[in-house]
**Q** 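Shown below is the structure under consideration.
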Amino acid sequence: MTMKSIKPEERKYIVIHSSFTRKNDFIGLREMEKKHRSQHKLSIGYHAVIQRDGIIEYGRPLNNAGAHLEGHDREALGICMIGGRSAAGKPQDNFTDAQFKNLKWLLNNLAASFPNANVVGHSKLDELSKCPHFSVSEFLMREGLAHLTSRSPKE
């Protein structure tokens, strides 16, 4: 089964997620794909996964719909940061400097290719979620990327 290609200008969002795993869980794309397939998805729902050591792994092709945020999969690219859960099973900002450094790099690159996409956290589009367990807007502000949250579609 092939997926219909999505044009870059159709993307409204770049959504940051967390895997809700502990800081000692060194997993990546393969484990996330296995989890998503167990949820009856065709493949991993994310377009990129950022491991604890900062390595970026690419999942779904960028021109395909994701499977990471119901109701927004066609219009949103999904990035998953590995982490976000305390040892006690509570939400926690336990992401590494390497992850944040490479998230900045990835967002800069995606922003150039997807000019209409605003960067948001999962919780911005799903009020029942606390994901990704850190403030995406504060991260963007701190890294000089605040303009990526207020981009409007070009006519």
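This structure is a prediction, so every number in the text was calculated from the model and none was measured.
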**Q** Under 3.5 Å, is there a donor-acceptor pair between the side chain of Glu138 and the main chain of Ser135?
**A** no
**Q** Taking atom CG of Leu148 and atom CG of Asn108, what is their separation to the nearest 0.5 Å?
**A** 6.5 Å
**Q** With no hydrogens and no angle check, is any side-chain donor or acceptor of Asn118 less than 3.5 Å from a backbone partner on Tyr13?
**A** no
**Q** Mind checking whether Ser123 and Lys130 have side chains closer than 4.5 Å, heavy atoms only?
**A** no
**Q** Can you tell me if Arg30 has over 12 outside heavy atoms packed within less than 6.0 Å of its CZ?
**A** no
**Q** Within this structure, what is the CG-OG1 distance for the pair Leu140 and Thr149, rounded to the nearest 0.5 Å?
**A** 6.0 Å
**Q** Please determine whether side-chain contact (heavy atoms from CB on, under 4.5 Å) holds for the pair Leu107 and Ile16, giving the CA-CA distance in whole Å, both sets of side-chain angles, and the decisive distance to 0.1 Å.
**A** CA-CA 10 Å; Leu107 292 175; Ile16 313 299; 4.1 Å; yes
**Q** Checking the side chain of Glu143 only, and the main-chain atoms of Lys104 only, is there a donor and an acceptor separated by less than 3.5 Å?
**A** no
**Q** Does the gap between the ring centers of His47 and Tyr58 come in under 6.0 Å?
**A** no
**Q** Is it the case that the side chain of Asn64 and the backbone of Arg60 share a donor-acceptor pair, with hydrogens and angles ignored and the cut-off at 3.5 Å?
**A** no
**Q** Linking I/L/V/M/F/W/Y whenever any side-chain heavy atoms sit under 4.5 Å apart, do Leu106 and Val136 land together?
**A** yes
**Q** Please assess Cys80 against Met32 for the test side-chain contact (heavy atoms from CB on, under 4.5 Å), listing each intermediate value before the final yes or no.
**A** CA-CA 9 Å; Cys80 181; Met32 294 305 297; 4.2 Å; yes
**Q** Starting from Ile56, can I reach Val119 by hopping between I/L/V/M/F/W/Y residues whose side chains sit under 4.5 Å apart?
**A** yes
**Q** Any sub-3.5 Å donor-acceptor pair from Ser86's side-chain atoms to Lys90's backbone N or O?
**A** yes
**Q** Is Val15 reachable from Phe139 through a run of I, L, V, M, F, W or Y residues, each pair having side-chain heavy atoms under 4.5 Å apart?
**A** no
**Q** Quick one: does His72's side chain have a donor or acceptor within less than 3.5 Å of a partner on Leu77's backbone?
**A** no
**Q** Verify the cluster assignment for Phe100 and Ile55: are they in a single hydrophobic cluster under the rule of side-chain heavy atoms below 4.5 Å apart?
**A** no
**Q** Roughly how far apart are His17 NE2 and Asp126 CG, rounded to 0.5 Å?
**A** 9.5 Å
**Q** Quick one: does any side-chain atom of His68 pair with a main-chain N or O of Gly78 as donor and acceptor, under 3.5 Å?
**A** yes
**Q** Under the criterion ring pair (Phe, Tyr, Trp, His ring centres under 6.0 Å), I'd like the reasoning laid out for Phe20 against His133: C-alpha separation, chi angles, the key distance, then a yes or no.
**A** CA-CA 9 Å; Phe20 198 59; His133 314 300; 5.4 Å; yes
**Q** Which atoms form the tightest heavy-atom contact between Leu125 and Val120, and what is the distance?
**A** CD1-CG2, 4.0 Å
**Q** Donor-acceptor check, side chain of Arg52 to backbone of Gly83, threshold 3.5 angstrom: yes or no?
**A** no
**Q** For side-chain contact (heavy atoms from CB on, under 4.5 Å), just list the numbers for Phe114 and Leu62, CA-CA rounded to whole Å, side-chain angles, deciding distance to a tenth of an Å, and then say yes or no.
**A** CA-CA 10 Å; Phe114 299 93; Leu62 295 175; 4.0 Å; yes
**Q** Does one hydrophobic cluster hold both Ile14 and Leu103, with members joined at side-chain heavy-atom distances below 4.5 Å?
**A** yes
**Q** May I ask you to test the Cys131-Ser18 pair for a side-chain heavy-atom distance under 4.5 Å?
**A** yes
**Q** So, are Glu75 and Arg11 salt-bridged, with charged N and O less than 4.0 Å apart?
**A** no
**Q** Do Phe95 and Asp93 pass the side-chain contact (heavy atoms from CB on, under 4.5 Å) test, and can you show the C-alpha distance, the side-chain angles, and the key distance before you say yes or no?
**A** CA-CA 6 Å; Phe95 304 99; Asp93 178 353; 3.3 Å; yes
**Q** Quick check: do Val49 and Ile82 have side-chain heavy atoms less than 4.5 Å from each other?
**A** yes
**Q** Looking only at non-hydrogen atoms, find the nearest pair between Gly121 and Pro132 and report the distance.
**A** CA-CD, 3.9 Å
**Q** Within the side chain of Asn63, is there an N or O that forms a donor-acceptor pair under 3.5 Å with the backbone of Lys7?
**A** no
**Q** Look at the side chain of Gln99 and the backbone N and O of Met81, then say whether any donor-acceptor pair between them is shorter than 3.5 Å.
**A** no
**Q** Drop me the distance from Lys34's NZ to Ile27's CD1, to the nearest 0.5 angstrom.
**A** 11.5 Å
**Q** At their closest point, which heavy atom of Asp73 faces which heavy atom of Leu69, and how far apart are they?
**A** OD1-N, 2.7 Å
